[in-house]
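Remarks on the structure that follows.
Only a predicted model underlies this, so the values are computations on that prediction, with no experimental measurement involved. Below, read A as the first sequence line, B as the second, and so on, with proteins coming before strands; counting in each chain starts at 1.
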2 protein chains.
Amino acid sequence: MNNIFKALADPNRRKILKLLREKDMFVGDILENLNITGASLSHHLQILKNADLVLSEKKGQYVEYSLNTTVFQDVLKWIYDITDKDDPKGGKDE
Amino acid sequence: MNNIFKALADPNRRKILKLLREKDMFVGDILENLNITGASLSHHLQILKNADLVLSEKKGQYVEYSLNTTVFQDVLKWIYDITDKDDPKGGKDE
DNA sequence: AAGGTATTTAGATAAATATCTAATTATCAA
DNA sequence: TTGATAATTAGATATTTATCTAAATACCTT
């Protein structure tokens, strides 16, 4: 969970996720939306991948990134655990 | 939203939230669960308060902290926005 | 093969953050 | 009022993190 929350704690990374929500995108296309260098973007994408929030697939010269929505289920569950006062008492955090 | 995600991006702070899920607590009681100094804890509580994730009430010599579950609704909404591909297209992030 | 484009990696740096000790403030109890 | 306890604030430090430029890698096109 720590990787996930850390990954979500940056505005640029959240913006990337929002972009990918609409459609799968190549790195270059994402880059045009983000006022940072390609190197910085690569760094952010690495962090998102590490948290399993995005998937990447090499397509020839390009790399296409997509949202991995399954992981968000874990986050939702974590929040529900916090929110629901009377219940199974949430599992471990990390 | 940035304050919230930043606040959630630390294990100790998430642990505090889990503790408060069970019951309202005084700072000292929280402290016993956390292998950090009181000063550090104060710092974390400040960040959580700033994100509106917790509320505090002075009770004599003590300060009692409690979970403010309403804010989690915003996080849930944010995640739903990300998750639901076809829909109003989420509002601004910050 | 040679040159061009897309992306990542390396290395450096500045800013943010988590933590600590020591000092301060506020309240309680004799 | 004095001494003890609870919590926060101040100031310092080490780690993490976001960012950059430059270099490397991978693939495409001619």
Side-chain angles (χ1 to χ4, degrees), chain A residues 1-20 22-68 75 93-94, chain B residues 1-20 22-68 75 93-94:
Chain A
M1 287 297 319
N2 199 41
N3 283 345
I4 299 175
F5 279 114
K6 280 268 175 54
L8 292 174
D10 178 272
N12 278 325
R13 287 194 292 266
R14 289 199 299 279
K15 186 157 186 189
I16 292 168
L17 295 175
K18 288 247 172 185
L19 289 168
L20 293 180
E22 299 300 325
K23 61 174 182 308
D24 299 350
M25 290 175 88
F26 298 119
V27 176
D29 299 326
I30 299 173
L31 190 57
E32 290 181 345
N33 291 273
L34 277 189
N35 255 4
I36 56 177
T37 63
S40 292
L41 175 53
S42 249
H43 171 243
H44 286 304
L45 290 172
Q46 212 43 55
I47 288 168
L48 290 171
K49 267 178 72 173
N50 234 280
D52 266 327
L53 287 164
V54 303
L55 304 170
S56 70
E57 186 183 352
K58 181 138 208 183
K59 289 198 171 174
Q61 198 171 5
Y62 303 89
V63 179
E64 187 175 63
Y65 279 81
S66 60
L67 207 57
N68 179 20
V75 185
D93 174 76
E94 329 276 316
Chain B
M1 288 299 313
N2 199 41
N3 283 345
I4 299 175
F5 279 114
K6 279 266 173 57
L8 292 175
D10 178 272
N12 278 324
R13 288 196 290 268
R14 289 197 301 279
K15 187 159 188 189
I16 293 169
L17 296 175
K18 287 246 171 183
L19 289 168
L20 294 179
E22 299 299 324
K23 62 176 183 307
D24 300 352
M25 291 174 90
F26 298 119
V27 175
D29 299 325
I30 299 173
L31 189 57
E32 291 182 345
N33 291 272
L34 277 187
N35 255 4
I36 54 177
T37 64
S40 292
L41 175 54
S42 250
H43 171 243
H44 286 306
L45 290 172
Q46 213 43 55
I47 288 169
L48 290 171
K49 267 178 72 172
N50 234 281
D52 266 327
L53 287 164
V54 302
L55 306 169
S56 71
E57 187 184 352
K58 181 139 209 182
K59 290 197 169 172
Q61 197 171 3
Y62 303 88
V63 179
E64 188 175 63
Y65 279 82
S66 60
L67 207 58
N68 179 20
V75 184
D93 174 75
E94 330 277 318

Expressed as a whole number of angstroms, how long is the span from B/D29:CG to D/dA6:P? 10 Å
Contacts of type side chain to side chain contact (heavy atoms under 4.5 Å, CB included), residue A/A9, not counting sequence neighbours: B/A9
Can you run down the salt bridge (charged side-chain N to carboxylate O under 4.0 Å, His left out) pairs that involve residues 28-52 of chain B, sequence neighbours left out, and say none if there aren't any? none
Shortest non-hydrogen contact from B/Y65 to B/V27? CE1-CG2, 3.4 Å
Heavy atoms of chain B, cut-off under 4.0 Å: which first and last nucleotide of DNA chain C, 5' to 3', fall inside that, if you could look? C/dT17 to C/dC28
Worked verdict on B/M25 versus B/N33 for side chain to side chain contact (heavy atoms under 4.5 Å, CB included): CA-CA 11 Å; B/M25 291 174 90; B/N33 291 272; 3.9 Å; yes
Heavy-atom side-chain contact between A/L48 and A/L17 under 4.5 Å: yes
More 5' along DNA chain D: B/S40 or A/R13, using each one's nearest nucleotide? B/S40
Strand-adjacent residues in residues 45-52 of chain B, judged by heavy atoms under 4.0 Å from DNA chain C: B/I47
Without placing hydrogens or testing angles, list every side-chain donor-acceptor pair under 3.5 Å for residues 35-47 of chain A, not counting sequence neighbours.
unit_1	atom_1	unit_2	atom_2	d
A/T37	OG1	A/S40	N	3.2
A/T37	OG1	A/S40	OG	3.3
A/H44	ND1	A/R13	NH1	3.1

On a heavy-atom basis, which atom in A/R14 and which in A/L8 lie closest, and how many Å separate them? NH1-O, 2.7 Å
Kindly write out the residues that satisfy side-chain hydrogen bond (donor to acceptor under 3.5 Å, both in side chains) with A/N68, not counting sequence neighbours, or none if the list is empty. A/T70
Given atom CZ of A/F26 and atom P of D/dC27, what is their separation to the nearest angstrom? 15 Å
Are B/E57 and B/V63 packed together at the side-chain level, in the sense that at least one heavy-atom pair is separated by less than 4.5 angstrom? no
Going by number, which of residues 58-66 of chain B have a non-hydrogen atom under 4.0 Å from DNA chain D? B/Q61, B/Y62, B/V63, B/Y65
Holding to side-chain hydrogen bond (donor to acceptor under 3.5 Å, both in side chains), I want the full list of residues that pass it with B/Q61, two or more places apart in sequence or in another chain. none
Within the 4.0 Å heavy-atom criterion, would you say B/H44 contacts the bases, only the backbone, or no part of the nucleic acid? sugar-phosphate
So, OP1 or OP2 of D/dT8: does either fall under 4.0 Å of a side-chain N or O from B/S42? yes
So do the side chains of A/L53 and A/L67 get within less than 4.5 Å of each other, counting heavy atoms only? no
Euclidean distance, atom CD1 of residue A/I36 to atom P of D/dT17 [Å, nearest integer]: 16 Å
Would you mind reading off the distance between A/H43 atom NE2 and D/dT21 atom P, rounded to a whole angstrom? 16 Å
So which one's nearest nucleotide on DNA chain C is more toward 5', A/K6 or A/G38? A/G38
